[in-house]
Every structure is written in C-alpha cells, then in structure tokens.
Amino acid sequence: MPADALMEINGRQVALDGERNVLEVIRKANIDLPTFCYHSQLSVYGACRLCLVDVEGRGIVSSCSLAPEAGIKIKTHTAELREMRRMTLELFLANHDMNCPTCPKSADCQLQALAHQLGVNEIRFKRTHAPKPVDRSSPWLVRDPAKCVLCGDCVRMCKEVQGIGAIDFAFRGAGVAVLPAFGKDLDAVECVGCGQCAAVCPTGALTVKSQTEEVFAVLNDESTTVAAQIAPAVRVALGEAYGLAPGTVTTGQIAAALKALGFDRVYDTAFAADMTVLEETHEFLERKTTGGRLPHLTSCCPAWVRTVEQYYPQWLPNLSSCKSPQQMLGSVIKAEGTDDGKRLVVVSVMPCTAKKGEAGLEKFRRADEPDVDFVITTQELVRMIDEAGIRFDRLDPESLDSPFGMKSGAGLLFGASGGVSEAVLRQAAEALGAARDNLSAYQGVRGDDAVREVELTVGGHALRLAVVSGLANARALLARVETGEAQYDLIEVMACPGGCVNGAGNPVRKDGGAVTARTKGLQTADKMLDLRRSNENHHLTEFYDRALGGEVGGKKAHELLHTTYQNRARIDGPAFSLSDTQSAQAVPVTVCVGTSCHVRGSETLLHRLMAKVDEAGITDAVDVRATFCHEMCDRGPTVLVGNTTLHGTTVETAFAEVQAALSGSPAEPESELVHG
Amino acid sequence: MASEIVFTRKARCRDCHRCVRACPVKAIRVHDGQAQVIAERCIGCGTCIRECPQHAKSYRNDITEAARLIAESGTVVASVAPSYAAVYEPWQQKRLASALRRLGFGYVAETAVAAESVALAGAAYLAENPGRSHIWSSCPAATEYIRRYRPAMASLLSPIASPMLAHARLLRNRLGDETRVIFIGPCVAKKAEAERPDCPDTVDLVLTFEELATWLDQESILLTACEESEFDEASTAARLYPLPDGGGLKTAGILTRGLSLGPRVFSASGFEEVDRALDFLSESTEPMILEPLFCAGGCVDGPATATERNLFSRRFALEESASNAAVAPVAHTALGPVPLPATDPCLLDPGIRTPAPALRNVRESSINEVLAATGKTAREDQLDCGACGYASCRDKAIAVVRGMAEPDMCIPYMRHLAETRTDLILQGSPNGILLLDAHFHIVSMNPAFRKHFRAGEATVGKHVSVLMDPEPFERLALTGDAHLEMTVRHERFGLLFHQILYRLSEAQQYVGIFVDMTTSRSDQQQLELMRTQTIAQAQELLDHQIAMAQQMAEFLGESTARGEVLVESLLTLAGEPRNPGDDPIKKWRWTTSTSK
C-alpha cells in the first residue's frame, strides 16, 4: 500500500498505515465503533454485526472483516446503520437474562455500556430468554450461558492464544451455544484455568469465581488469625481501579487497605519468589552441571503446570519440582504457625485465576489443612475495599510484616514474563562466581515479543534460554524442542500473554499499553530496591537457617518447598468398582481394561482374579476395580495393587501382590512407585 | 565564599530591612533599596531565607548540577543527613532510598555512618588534649562564624572533620576514588562548606531536602508509589547528632562532667546563645568544651527542611528512634561494619582552625562623618532603635562606610527629613492654608493665610467662625464628602477666594486651601467690557457702510436717468416721432423704487 494512500471516513480523509482492517482505520480516526467479537490479538470473526459501515457503492459490511483500500468512502453513523445497530442490540438483550444489578460483571459489562451508549431504553421484541443452568463446577470460573452473546471471544482466546480449546460452539441455528465438550462441566474438561476467556468476555457469561464472602467470613471470625500474601503483579495494577496509571506501585496502600479490612498480617509473595529463585537455581544448575534432564521447565505458573500434566506427561520430569511462590509461602506461613492459639488462615491476593485451582489441590494440603485457604484476585480485592468503604486513594502507605514481607528486586520481577529467568540468571551468576557488578547483563530476557530466545555465558557456562508467554506459543516452542529443531537449557513459560501482569484476575484494560506499563513498573521497582538478588534477602537467609537447616535444596526445603506432578493425559471419571465390599480398609486393586491391556488379556485377568479372590474368601478385604489407562500401554496388562504398579501382570503375580498387601509386606521388590 | 549561595530575587525585595535585622553577621547590603547578600561576609546560615516576608531570599539551586553528575559519572552516592528521620514521616523514610535510586543514585547511604566515627574521633581528640578549652562543632555556620567573626577563637576549634566530609572520604576509600558524593540535608551552609578551599576531598555537591522534594516532583516520583527499601549503608548510632543540647557530644558519650572533675562541657544553639557562649568562653579562665549549633532547634530546624511537621514532633521522632536503637550501635554498610581507626586521616580537618581574612577596619573619622550627615552628632540623637537592621547607630554608620548600608535606611532621620520638606512647602505656598481640629478650632495657618485674613498667633485655638462663616466646614463634616470646592467672597476682608476644603479622616482634622481670586476677577470684567464695546462699534461701522453704499447707488442711478432724458429730448428736437407711453426712464424708476 503506498504511503500516501487515503480513504474517506464520514467525509474526512484518513491515511492508511498498514492497518489490518477498516475497523482499525476507523479507530485510528478517533471514532470508537462498538464491537463484541473483535480483539486485535484474535482472528477476525465478524459475528456481532455492531461494527457495520456503509461503503459507497458496496453497501453495508462489517468493518472488522473489510480490508483497507485506498479511495473507498465509508460512513459510520447513517440513519440506517444506527437503526441496524440498535436493533442488533435489542435482539441481544431480548435473549439475555438482564439481571444487571446483581451481575458480577455489572460495573464493566460491555453489553450494558453499549445499551446506554446507543440509547436503547426499551426492547421491542418478545423476550426469548430461557433460563439455563449456571456452571459453578470449576474452581476458577463461573459460566453463566444465559448471559452469553455468542461473540466467540472466549472460544478464540482459548483456541488461538492458549492453544487449549476447552470451549467451543455447539449446536446450530437458534440453539447455538458456547460449551465445553459434550456439554460437560468446565471442571471435567481440559480447561487449565488461565481465565483469559473471562478477561475477553464482554458480558457476565464467564466470570472469575469469587471467594470474597469466604474471606470476609474469616476476617470477621475472632478465632482466626488471617495472613495475606500479595503477588508482585497485583501492586502495579490495583491502582488502576482508583484512577492511577498502569504500573503505579501501590504496595504500601494495599498493605494499609488489607490491614483496614482486618487482615492480621500482610506478607509478600515476592518473598517466596526469592525462595523459588534459590531453590530453582539450585535445581537447574544441578541438572545443568550433572547432565540432568534439560530443558528445565519453570513451574511457577499453575496453568502451565496443568498444561504439561495434561498434554506433555513425558515432560513432567523436566518441570521444576519447585512449588509456585504462592504455595511456597502458604506452606511456610503455615509451618511457622502462630503463637496466639488461633486458627491461621492464609489468603493470597493474585492477578491469577489458575491459582484458585492450585490452592485447592489435594497435594497442597498438610494435616488436612490447605497451605493456602483462599485465593482472591486483584479485582476481588478492589471489590472488598469498596464494600468496606475504604478510601484507597487517601490511605497512607503501610509496611508489610516481617519476616515474609521482605523481598529482593529479583522476587518482584516474577510478576512479568521473563522475570523468573532474569532472577534465576542473577542467582546463577552468583552461584557460578560470575562478576557481581553488572546486573543489566541479564536484561536480554526482557522484551515485548511473545517468544524470546537468549544465549549468554554465565560464569563460564553457556546458557540457552527461551522465554515464552501464551500457551499456544509455549506448545509451538515445545513442538520444536521435541523435534530437536531447538535446544534450550531453560524454558520459562507464563500462560498469560506478557506474564502475570496480564493475568485474568487483574483489572481488565482494553488499551494494550497497560501490560507494558505494569511490566515497566515492576522493573523500575526492582531497580529502586537495595536488594537485587534473592540471596541478599536477609529475612530469607535467616528463615533458611532457622527452619530449613540452612540448606538450599536440602531435605527440609524439599519437604516444604517442592512438589510432584500428576499425569493428567486422560481426563475420565473414577474407576468402576466391581466388588461388593463395604470395608474402607479394603485393598484397592485396579486393573486396566484399556485397548492395549485388553489386547494383552487384561479382561480374562480381571475375571480370573475376581474368581480367585472369591475362592480365597477375601472378597470383603479386596476392592477390585476396572479402569481405563495408566499410560503405560507398552508394559500391559497393568494392575495397581494399593500403591504398587505391576506390569505384564498374570493372575498369579497379581494375586501374590494382593496377599502380600493383606499381610503387610510387598512381594515384588522391583515394583515401581507412581508419581503423585 | 567563592560563588553566591544565598541571594536576593530583586523583583520581590520590598525595602523592609527585615533580613538586615535578622542577619547575625550583617552580610546584607542595601543598595538602591534592594537587599543584596555579600558573599564575602555571608556564613550561609540561611536565617534571612527563613525571615524574608516576601520570600525574596533564595539559595543556589543545584538540581541541574546533581542530574548532570549522575548522568556523567559512574557511581554517585547519596549521603543523607540523619535529620531525614525527623523531616520525613515514618512511611516516607522507608521509601526514601527507593526514590533516590529512581533519581539515579547508585548507592544510598546515611551520613550517620560517618557521624559515629567522627564523634568517637572527637572524643579521642578531646581526651588527648586536656587542660585547654575546645570548641567542637560539625555545624558549618557556627564554624564559619567563628573563623570570620571571632578569628581569635578559631584556634579553639577541634580539627575534626564534619560527618559530611568524613563520609565522603570514607565512601571514596571503600567505593573508589572516582565515586561522586552528593550530600542531602536540611542545611544551606553545607553548600558553602562543600566549597571550602582549605578542605580537600569533600562532597561533590550539596542538595537540601527542599531541593530533593522539588527534584522528585520534577521527575514525577511519588513516595507513595515506591516500594520500601533500605539504605545501602545505615546507622542508628548517630540519630541524636542533629539535635540541639549537644547532639554530637551525646553521640560521643560525653556531655556533663558528672562526678569527675573534667572540664565543663556545654552546648549552645541559635545565634544569640552561641554568641553569648563564645563571649563566656573567651572570658573564662577555666578550660571548657563547647558544642555550638547555629540553628536554634538544631539541624532538624534547618532552613531547608521542607516539612510541615512541628519542630518538636521532628525532635521527638529522632529521640524515639535513638532510644529504640540497638544498645551497642554499629554502623552497617553493604560491605560490613565501619572500621574506627582513631587517627584515620578521613576524620581530620585541620584547615578548620585557620581564621578567615579579617574585614577592613573603618576609620573613626569616617564613622563620625556618616553620623553627622544623618544629624546624629550628639550622643542623645543616636536612638539605637534598630529599625535599620543594625544594633546601634554607630554599627549602621560603620556599615555605611563599608558600603553595606545607605544613609536613608534610618527611619527617624528620614522622618525628620520628610517633615522638614512638608513644612517648607506649606510655608512657601502663595495660597492660604488652614488646619482645623474636629471641633473646627484653628490648629495652624500658613503665612499666606495669616496675611489674607489678618490673623495673628492669638487666633490659633479659636473657633474658625472668628474668621469666616464655618458653614462649608460643617457641611463637609455632615455630608461626608471627600472635599468641597467653591468660590466665596469674604466681604469682611474685601477678598474673593476659590477655596478647597477637605477632611483628614484619620486625624479628624479639616484643611482649607484658599486661592485669592480678588485681582484676577476684576481683570476679567474689564476684558468683558472691552469685548462688548468692540463688537458694538464693529456693528455700527458695518451698518454705516451699508447705508452709504445705498445712498451712493441712488445718486448714481438718478444722474444716469437724467442724462438719458436729456439725450431723448435732444433726439426729439432733431425731429424723430416717439411713442410718449413707452418711457424707459419712468419704467426704471418704478422698478427700482418697488424693489427697494
């Protein structure tokens, strides 16, 4: 397109400058055409019919799907277009439940804003809205199909940016709906909890599941001591709800607001990020120097961890065994306990929806207590501050509490894509004895590109790093690694584009600059701190000395700060129990009846094993179940007796193991423990 | 002092001399009504900045220079005076280091780290030199005052470096010679200290807390939007240092002589106290140790603190943080605790004992000349009122001789001068001027009035009605008009006056100005008459000329007609017959007579 190419919008000449579609040209000319289905980072869909324009000689078309062309003349607000837009909106509303005042999206619902903007005060059509059940199954999101306008933003976000495709359009014509596969609940499908669908949803059809009521309840409960932890990315975004520029650090005011809400202690998740840096650097360097499994994959992002568990079980050993900072701090706070005799409750304030699911995982409970009791997002905290009537803009900053309120700049960097890598590089340089003075040497991992590759030498070691955000990008990168096309020592993955600062729990901004500004805010804050490396955090080193035997990567650190992962390549229900036993102590025996094991005779094995159990008169003591797959198909038939996995099983070996389990000693010394 | 640190903004200076009055060393010159700070005399204490009601006093702004240093140098250290803990609210203190790093400082340190060493070195020096008096001070205004204005006592100053100086040297020892150091504190005099030619290796620049606030403002750095962070080196040991009542002595662990019979140890703060303490010390025969601080409230009340906090809130904040400090305070740096060699050259400042060049002496005769010129020859004329800013008329005269003051700064003299001038105007006026009191009794009259109204001294004090109808004055009092103007004939004196009457509302007095119109009025009547007569004569002449012209025309016409009749008769006689009704002469006559 020539540089001086012009098109005419409402009689005014507007220069074309490589815009992808006419809608972008119109917006450049400071005319804000309404849209539901257009997002610059997603593909063009053209479904909502709100961005219609009148093109001279061609009639009415949607501007988002029209390529800019020199010389065309368009009008954006003719009488006909106005009428069409209003009618479209009325039709949307006729099919909407319209319980706006009680809708969680009420404050920033685009549908509501648009009805106001277009002056739609009455709906001339018959209400066709039919009640639909709300899906509250997921720990992250609430899906209310009655509020869906079928714009497809969530579908495309999940598929195109995150590469997951947990939801899609189903049915045809008037029955069309956005649903998880087979109409299942959201927790029964491959959703990883990143929440980006809720961030793009223009209405209240997909919202973040709130835990504010639970948090208010423990705050009002005199028998509890409530500790909060604030994630790095929260402090550079929360101020936006009170008119501050994106990237403005408001840690002190957030601490003051949390104290005013009744939190007894306020800690910094960045303290645990520093811990992660120490543990993860130690783990990474050990792998690097002893020929361990590389690339080392970071494990801070729970949506990414879930993605590996679901799609890349073969990469699970590459995943760092470090808990995410949220979980590390939760377990550390709970381990330290409180001396006031009250029940200690940990509430984390996160920019993230996936953290809600992470905190609820069984493996993050000790002594039947979750390490993190509740997770609220930045948006939920804003709502709590507002409900409590706290004038956030007038608060004097307060301090975070010792010892877990202390952090280094490295810990703060975790909030943005590239931050974990930079923090680990600083620490690796320290461990490898590289020169101390030049911290800017590791800034190569910063940048706006979704995928960044960095090669550098630290303390004599050549390191190849990849920093990637957006799960679709991560999957594409991993595909290249799998084919051997690319090789890395360390891959940092953040599910949300740009990292945690763009988490779905942070205030949603339509302007793209906010993510960059928030990232810059964290990087500036790092530069302003006295401590830039995680090992300089003296409260952290004191804690290691006091509680972790002074050893990074040691036994105690592993107990408290590391975790294991679960292969979730199959998403299915529980195994079918074939026994009649009522006993809770019965030894579980799970026989795989999946294709590969079936071919190897697992069904005959199952029947014969049951007969043998009957014969031995131990029916009550054994709970025989059939299941589908243990992902060890090449070694079938696979049978699990208690926690022991048997491969190439025969009735004899299985029965021997059952008898051994009943007598209390394992029969097969070479049996293998399963992760998780 | 090399360059001007304290100066006056001309547009704002309004001639009040408050700065001259307040300046403890009279370093302010008044020239053409404008106060100017004379660098050679100024000790930089900043008193005038605080005192000036017009905020016309400023000190050199070094923000640009600081930004340049940061842009052009490697590591630039911020050495922050201990007063920061008094000036800033607790939440601000915790964020100050972050904000300074944001400005570009590579290393943020508390000057207090060095203050502790300085205090210990001072204590060691005092112990090593018993049996004589000492003045020990880290206050640059106090030491400069002694060096310039008490030169004889300069030798009593302890040659111990100020914490600012010592810190700069210690920092360069640790971080390298190319390290730049910017001191940030509440003090303007520190700017001068940083430029002392006799003191090498000191800080590169001094900023005040005010300048810091402005700079942060310019860069849009809000303390509320900074993460908390710590100084790269900090000390709680010297928290009391910037307080009055012997902050340095307390830090060093020496204040009172207690039970031991050591020398008396005392402190003085504020100029007056310092001055008297120095008098006391110079007269004393017993050895004593004095710690002077030039600002009355100590450094926490420095002229550039930029805080709204109450002085005592500032002081107690420091005292509290000192009492919360560890029992055995040790200064910590990012590189570990500070070593304390008692004879570390970093901690010494021998140059401080050199007196500054003495001021030129003034000859007694010149002083007397100035006194005489302002009418103060006699001792009783020297009021020593202090209104000019100087303590005595003699001091002011000395200042005039030195070119520091102007003769017209003396208010009693200027008043006398002004009164004399007013008097001359009244006496010389050709118009009569009368002054009445609130009850219309005559207060005074000028010679012209006395002459017109033939009034003598005896008339003074009498009611104005003895001379004229008091009605216009009464009207003035009743109506409240600002003034009245009228022309009145005073028959009794045969005179006509144009009189202007007005009220002096503040003094409740009435003034009458009487302009004699008697002569000028008769002249005008004469002129009027002449003019009327001239016009009448001119009219008469005109009428006469017209009548003459008409008569002449008639004569001319008649003679022509007669001539024609004669020619007619001659033609008839010659025999030519004529119509008798067609007589042109008759016709002409009729026409002319009717047209008239």
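On a predicted model such as this, the values are computed, not experimentally measured, just so you know. Just the heavy atoms: all of them, side chains too, but no hydrogens, waters or symmetry mates, feed the values below.
- With a 6.0 Å radius and a threshold of 12 heavy atoms from other residues, nucleotides or ligands, A:Lys520 has its NZ atom at or below the threshold.
- Interatomic distance, B:Glu228 CD to A:Lys407 NZ, rounded to the nearest 0.5 Å: 6.5 Å.
- Between B:Glu227 and A:Leu529 the shortest side-chain heavy-atom distance falls below 4.5 Å.
- Note that CG of A:Leu244 and CG of B:Leu222 are 8.5 Å apart. Values are rounded to the nearest 0.5 Å.
- Interface remark: A:Leu400 contributes backbone atoms only to the contact with chain B (heavy atom separation under 4.5 Å).
- When every heavy atom of A:Met528 is checked against every heavy atom of B:Ser229, the shortest pair comes out as O-OG, 3.6 Å.
- How far NZ of A:Lys527 is from OG of B:Ser98: 13.0 Å, rounded to the nearest 0.5 Å.
- Side-chain contact between B:Arg101 and A:Asp530 is present, with heavy atoms from C-beta onward closer than 4.5 Å.
- Proximity to chain B (any heavy atom under 4.5 Å) is restricted, for A:Thr524, to the side chain, taken from C-beta onward.
- Chain A forms more heavy-atom pairs under 4.5 Å with one residue of B:Lys94, B:Arg95, B:Gln92, B:Glu89 than with any other, namely B:Arg95.
- B:Glu230 CD to A:Met406 CE: the interatomic distance, rounded to the nearest 0.5 Å, is 4.5 Å.
- Within a 6.0 Å sphere centred on CG of A:Asp448, other residues, nucleotides and ligands contribute 12 heavy atoms or fewer.
- Ranked by non-hydrogen atom pairs under 4.5 Å with chain B, the options A:Asp396, A:Thr250, A:Thr248 are led by A:Asp396.
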